[in-house]
Protein chains: 2
Amino acid sequence: MSNTTLKKIAKVLDISISTVSRALKNHPDISVSTKQKVMELAQTLEYEPNAMAVNLRSKNTKVFGVMIPSITNNFYDSFIAAVEEEARKSGYSLMILQSGDNPEAEIENLKIYRQNRVSGLFACISQETINMIPYHKMKEAEIPIVFFDKVPDDDAFDKICLADKDAAVLAAETLLEKGKKNILAIFGNHQLSITKRRLSAFSGCMKEHKQVKLIVEHANNSQQAEEKTEHYFQPKQKPDAVFCMSDEILTGVMKSMQRMNMKLPVDTGIIALSDGSFPKLYYPEITYIETSGYKLGKLAFERMMDYIIGNTEPKELFITSRYVAGGSL
Amino acid sequence: MSNTTLKKIAKVLDISISTVSRALKNHPDISVSTKQKVMELAQTLEYEPNAMAVNLRSKNTKVFGVMIPSITNNFYDSFIAAVEEEARKSGYSLMILQSGDNPEAEIENLKIYRQNRVSGLFACISQETINMIPYHKMKEAEIPIVFFDKVPDDDAFDKICLADKDAAVLAAETLLEKGKKNILAIFGNHQLSITKRRLSAFSGCMKEHKQVKLIVEHANNSQQAEEKTEHYFQPKQKPDAVFCMSDEILTGVMKSMQRMNMKLPVDTGIIALSDGSFPKLYYPEITYIETSGYKLGKLAFERMMDYIIGNTEPKELFITSRYVAGGSL
DNA sequence: ATTATTTTCGCAATCGTTTGCGAATATGAA
DNA sequence: TTCATATTCGCAAACGATTGCGAAAATAAT
């Protein structure tokens with residue numbers, strides 16, 4: 001059983017294709033009796049309009065592209081989940097492509113998005129220093145782009161970010177309030193702008209308090225975070241708190257805590273920036289500053305729709321952070 | 001700058017659209033000089049073929065549908081990652097839709113897939129007792145379907161599953177070999193076929209050993225697993241091993257272990273069925289039987305391509321399990 | 001120079017849907 | 001009956017790309 005088309009329905013009922021089309025759209029020009037016949041037959045033949053034909057004619061695919069570094073990442077997953085939820089409500093579908101943090105794959109993906117004439121693109125760029133020309137070309141081709149999370153340093157684009165500075169400051173202030181004096185802060189890769197923003201905000205806040213001893217470390221992955229942690233937890237002197245810039249670092253730190261058999265929050269304290277799923281895995285649950293991919297997705301989608309209805313002035317929006325008390329501090 | 005089309009190139013060079021099309025495809029009918037001119041202009045105008053037009057004519061979208069319960073799930077993420085990798089190599093894209101474990105959303109999604117004339121569908125059904133008619137209709141509409149993970153009990157379809165029985169048996173045998181005598185086994189929701197298969201294989205294996213005391217419990221989520229664990233770990237008598245059917249259960253159990261301050265593997269042992277990411281979060285790392293979503297994706301894709309080239313006889317394939325030693329047993 | 005052959009390209013139909021415009025039919029008014 | 005209006009529908013073009021077939025132009029053969 002091949003696919004039902006307007007033509008097929010038209011042939012069976014011996015009427016024109018246009019009439020069938022209009023009947024299905026409940027066009028006033030078509031008589032009630034004809035409409036009924038058409039709709040009935042369409043039902044039994046399970047007619048579904050061919051999206052490609054519709055799109056070709058309307059020049060609107062109702063598909064959004066979403067480009068992320070990797071799909072096996074909680075943060076981006078919840079971003080996607082949020083976007084998908086909203087997209088579905090508005091009759092859009094998603095075309096999700098991974099860049100693997102590789103600029104070449106990124107450009108390859110842009111090509112695919114252009115070929116498929118996506119109605120818009122949600123993009124998270126892979127690196128700091130990236131060639132933005134292909135993105136500018138997309139905008140010229142009238143494909144709106146909303147950058148999220150890792151965004152370019154370019155005012156011509158719409159950007160939705162976490163309020164990294166606020167979050168880092170909030171974490172720092174919390175540590176200070178709790179009277180922590182000897183803090184180990186582990187950040188991600190130096191190169192990343194997200195690291196720079198969080199680091200500068202965090203240490204800037206700490207700098208005002210001379211009595212606090214702050215150790216700043218960087219880890220490129222979970223295992224490095226584990227090693228750094230063990231390095232600084234010596235029998236003679238242990239930090240009284242650890243700040244984790246990300247989930248990846250948190251998991252490394254926690255593994256180390258378990259190995260050292262440290263009891264939270266008595267032996268030391270922990271605070272993290274996280275979307276909240278990992279902190280809830282542990283007992284006691286980790287106190288964290290929420291950086292929600294889900295909220296980010298909601299806001300990014302909102303911005304996209306706003307852009308589409310004509311509000312094209314580039315904006316940079318932020319997701320505000322929230323303190324979530326666990327039992328680790 | 002609107003989008004470049006064949007027509008636009010043709011007009012500029014004052015040749016026919018057909019010639020442009022053939023030139024870009026390096027057709028032998030076209031002279032070298034013409035080809036050069038066309039390709040050059042296409043380059044500068046950044047021509048990208050309109051996928052909708054191509055698909056409409058070729059009746060092949062080069063898009064695979066992927067339907068999963070939720071995208072915020074490690075297992076399905078790695079499945080998708082695998083499928084995407086392979087799809088990209090073959091020039092396919094993915095249309096990922098979530099069912100939210102809701103049969104109605106599932107049917108809604110099938111509609112979207114049909115409208116978009118996907119070249120094939122990877123589907124993970126939401127429940128045990130589902131109406132399979134819509135899926136049969138898809139097959140009749142010549143859209144190949146490969147079910148994965150949660151598959152229907154219907155021989156007409158292709159199915160790619162984890163070798164649940166093998167995995168459960170492997171876990172059980174491992175526990176027996178280690179000389180465990182008092183085992184708490186926590187499974188997921190009763191209703192799920194995956195639970196039934198794993199449970200029957202596991203307890204079937206245990207039944208042959210009368211000297212082993214086996215407690216079987218069910219938990220619908222992580223928190224329930226946590227509660228059940230605490231319930232059975234009494235000061236007087238503690239199980240000497242816990243079997244966790246899934247990551248969700250493992251995380252609950254581990255939280256409970258941390259609360260009770262149990263040291264693995266001395267105070268008790270743990271083994272899980274998992275794809276491996278969660279077991280590596282803990283210290284000591286959890287011993288597990290690997291149930292890889294990634295491998296599942298690779299195999300599912302392979303099967304899909306095999307089907308497409310004409311091998312349409314329905315098959316049921318399994319991903320074999322692997323014992324991965326951690327330090328928890 | 002004439003015919004045969006090859007090179008090079010354009011016409012037109014097609015995929016499935018939408019829509020402006022005009023035509024046919026029906027209904028009403030006079 | 002005749003003209004005016006309303007109802008109902010079909011024609012054809014368009015979206016962008018592909019391709020069989022045939023035609024014109026260039027080259028080779030006699």
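Order of the sequence lines fixes the chain letters, A, B, ..., with proteins taken first and strands second; residue numbering starts at 1 for each chain.
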Could you list where the contact with chain B starts and ends along DNA chain D, reading 5' to 3', using a 4.0 Å heavy-atom cut-off?
D:dC15 to D:dG20
Computed from five pairs at either end and rounded to 10 degrees, the angle between the axes of the helix from C:dA1-D:dT30 to C:dA30-D:dT1 is 60°
Can you name the side chain to side chain donor-acceptor pair (under 3.5 Å) partners of B:Arg88, sequence neighbours left out?
A:Asn109, B:Glu84
Distance-only donor-acceptor pairs under 3.5 Å for side chains of residues 34-42 of chain B, two or more places apart:
unit_1  : atom_1 : unit_2  : atom_2 : d
B:Thr34 : OG1    : B:Ser31 : OG     : 2.8
B:Lys35 : NZ     : B:Asn26 : OD1    : 3.1
B:Lys35 : NZ     : B:His27 : O      : 3.1

A:Lys11: side chain to side chain contact (heavy atoms under 4.5 Å, CB included) partners, not counting sequence neighbours
none
Provide the full list of ring-ring contact (aromatic ring centres under 6.0 Å, His included) pairs with a residue in residues 94-126 of chain B, sequence neighbours left out, each pair given once.
B:Phe64-B:Phe122
For A:Ser70, side chain to side chain donor-acceptor pair (under 3.5 Å) partners two or more places apart:
A:Thr72
Quick one: which residue pairs count as a side-chain hydrogen bond (donor to acceptor under 3.5 Å, both in side chains) with a foot in residues 49-60 of chain A, not counting sequence neighbours?
A:Asn60-A:Ser119
For B:Arg22, give me all partners under side chain to side chain donor-acceptor pair (under 3.5 Å), at least two apart in sequence or on another chain.
none
Among A:Arg303, A:Lys139, A:Lys315, find the one that has a salt bridge (charged side-chain N to carboxylate O under 4.0 Å, His left out) with A:Asp158.
A:Arg303
Of all residues at least two apart in sequence or in a different chain, which pass the side chain to side chain donor-acceptor pair (under 3.5 Å) check with B:Asn116?
none
Applying salt bridge (Lys or Arg N to Asp or Glu O under 4.0 Å) as the test, list every pair that has at least one member in residues 66-77 of chain B; sequence neighbours left out.
none
Per-nucleotide protein contact string for nucleotides 12-19 of chain C, where B marks a base within reach and S marks sugar-phosphate only (heavy atoms under 4.0 Å, - for neither):
BBBBBBBB
